[in-house]
Amino acid sequence: MALLEIENLKTYYYTLKGPVKAVDDVSLTLERGRILGIAGESGCGKSTLVWSILGMVPPPGKIVSGSIIVDGVDVTKLSEDELRKKIRWRKVSMIFQGAMNSLNPVYTAGAQIEEVLRYHGGMSKVEARNRVYELLESVGLDRSIASRYPHELSGGQKQRVVISMALALEPDIVIADEPTTALDVVVQAQILNLMKRLQREKGISVILITHDLAVIAELSEYVAIMYAGKIVEYGPSENIFYKPRHPYTYLLMKSVPKLKGPKESLAYIPGQPPDLINPPKGCRFAPRCPWAMEICSRDPEEAEVEKEHRVACWLEKTGGMRAKLGF
Ligand code: SF4
């Protein structure tokens, strides 16, 4: 059994105008020790998807249906208390978006890591203090950082503190939501290398959420592309980057400048993502898709185009991207 199995998950936000279908019928699996990147434009539902795994969807959001099995336990059936005791930090931990600012300014870095160890891990004060030093050293920081306040740390140091917190109770899965946003490129590269090293050493599974395809390419072995609350393509990174089969993925890849090869004009995706209160019928990408057909007014069926490479697009049933784009 996979470490994480999400089946037909629907998570909606209930607004006065109607439910916003932020995650709509998403199924996904994550094997132990793998790094999965989830990419898509802002508002496509990627953050809501991972908040659902931790049972932390903010109100007025709610998991409407589906299941999320983490190591054999359906977290959608757990109470808040059970989620706190059994899942968060222990099984699944999270490096939040804007993590650099998620540290409490009035506590030292060490006190904040210690809190996780004592309240969620049941450690004594002495045990927790020793573990704080170990954790700081594991992310390349000196133990003296433990007694510093967040305002005394650089952006990269704060991010490392947050990563050490996420690793504190040795979870099976670490979710990193835009872990390098707001960092300069040099620190970005250091943080990505650190995450790669820790993942290898500790054998954890990582879910990486980002709109930055370069970050996904650097870290992920598998990629899921989300559009308007749905996963439209999933597969090994190499396939997604070099042989995309969904028009949205194809245009996303074409919109990234390349450093090597002949000069090409950058593609862009016309229009706006749809309103998720009233999404288009059938394929949600249809209003922006240059290859839309009549059949696209029906929900696209998912097809496995190669081993572990799945795509939800009618083109696959009518010749495929391969025929349209010549690969
Ligand atoms: Fe385009 Fe149709 Fe494929 Fe949607 S199903 S991406 S509209 S071709």
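Counting begins at 1 with the first residue of the sequence. Counting convention: from 1, in listed order, for ligands and their atoms alike.
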Undergrad: Tell me, which protein residue and heavy-atom name are nearest atom 4 (Fe) of ligand 1, and how many Å apart are they?
TA: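 For this ligand atom, the closest protein heavy atom is Cys283 SG, 2.3 Å.
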Undergrad: How does Pro247 reach ligand 1, by side chain, by backbone, by both or by neither, if only non-hydrogen atoms under 4.0 Å count?
TA: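 The answer is the side chain of Pro247.
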Undergrad: Hey, quick one: are Tyr242 and Leu251 part of the same hydrophobic cluster, counting side-chain heavy atoms closer than 4.5 Å, chains of contacts allowed?
TA: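 Yes; Leu251 is reachable from Tyr242 via cluster members.
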Undergrad: Hydrophobic clusters here meaning ILVMFWY residues chained together by side-chain heavy-atom distances under 4.5 Å, can you tell me if Val92 and Met56 are in one?
TA: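 Result: yes, single cluster for both.
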Undergrad: Under 4.0 Å from a heavy atom of Trp291: give me the atoms of ligand 1 that qualify, with their elements.
TA: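 Matching atoms, with element in brackets: 8 (S).
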Undergrad: Please list, in number order, the atoms of ligand 1 under 4.0 Å from a heavy atom of Cys313.
TA: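 With Cys313 as reference, the close atoms of ligand 1 come out as 3 (Fe), 5 (S), 6 (S), 8 (S).
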Undergrad: Of Val26, Ile63, Val23, which meets side-chain contact (heavy atoms from CB on, under 4.5 Å) against Thr48?
TA: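 Among the candidates, only Val23 passes.
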Undergrad: Going by the order shown, which atoms of ligand 1 are within less than 4.0 Å of some heavy atom of His246?
TA: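 By the 4.0 Å cutoff, the relevant atoms are 6 (S).
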Undergrad: Are side-chain N/O atoms of Tyr234 and Glu304 paired as donor and acceptor at under 3.5 Å?
TA: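 Side chains of Tyr234 and Glu304: no pair found under 3.5 Å.
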Undergrad: Would you mind finding which of Leu315, Val311, Leu251 brings a heavy atom closest to atom 8 (S) of ligand 1?
TA: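 It is Leu315 that holds the nearest heavy atom.
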Undergrad: Are the side chain of Ser237 and the backbone N or O of Glu221 linked by a donor-acceptor pair below 3.5 Å?
TA: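 It does hold such a pair.
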Undergrad: Closest non-hydrogen protein atom to atom 2 (Fe) of ligand 1, residue and atom name please, with distance?
TA: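 The closest one turns out to be Cys296 SG, 2.2 Å.
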Undergrad: Heavy-atom contacts under 4.0 Å between Cys289 and ligand 1: side chain, backbone, both, or neither?
TA: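 Side chain only; the backbone of Cys289 stays clear of ligand 1.
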Undergrad: Enter the distance from Glu178:CD to Ser42:OG here, rounded to the nearest 0.5 Å.
TA: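 Answer rounded to 0.5 Å: 7.0 Å.
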Undergrad: Look at atom 5 (S) of ligand 1 and say which protein heavy atom is nearest, naming residue and atom and giving the distance to 0.1 Å.
TA: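 Answer, as residue, atom name and distance: Trp314 N, 3.3 Å.
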Undergrad: Within 45 degrees of the axis of the six-membered ring of Tyr222 and under 6.0 Å from its centre: does Arg34 put its NZ or CZ there?
TA: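 Yes, cation above the ring, under 6.0 Å and within 45°.
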Undergrad: Could you tell me, atom by atom, which parts of ligand 1 come under 4.0 Å of a heavy atom of Ala286?
TA: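 So the answer, numbered in order with elements, is 7 (S).
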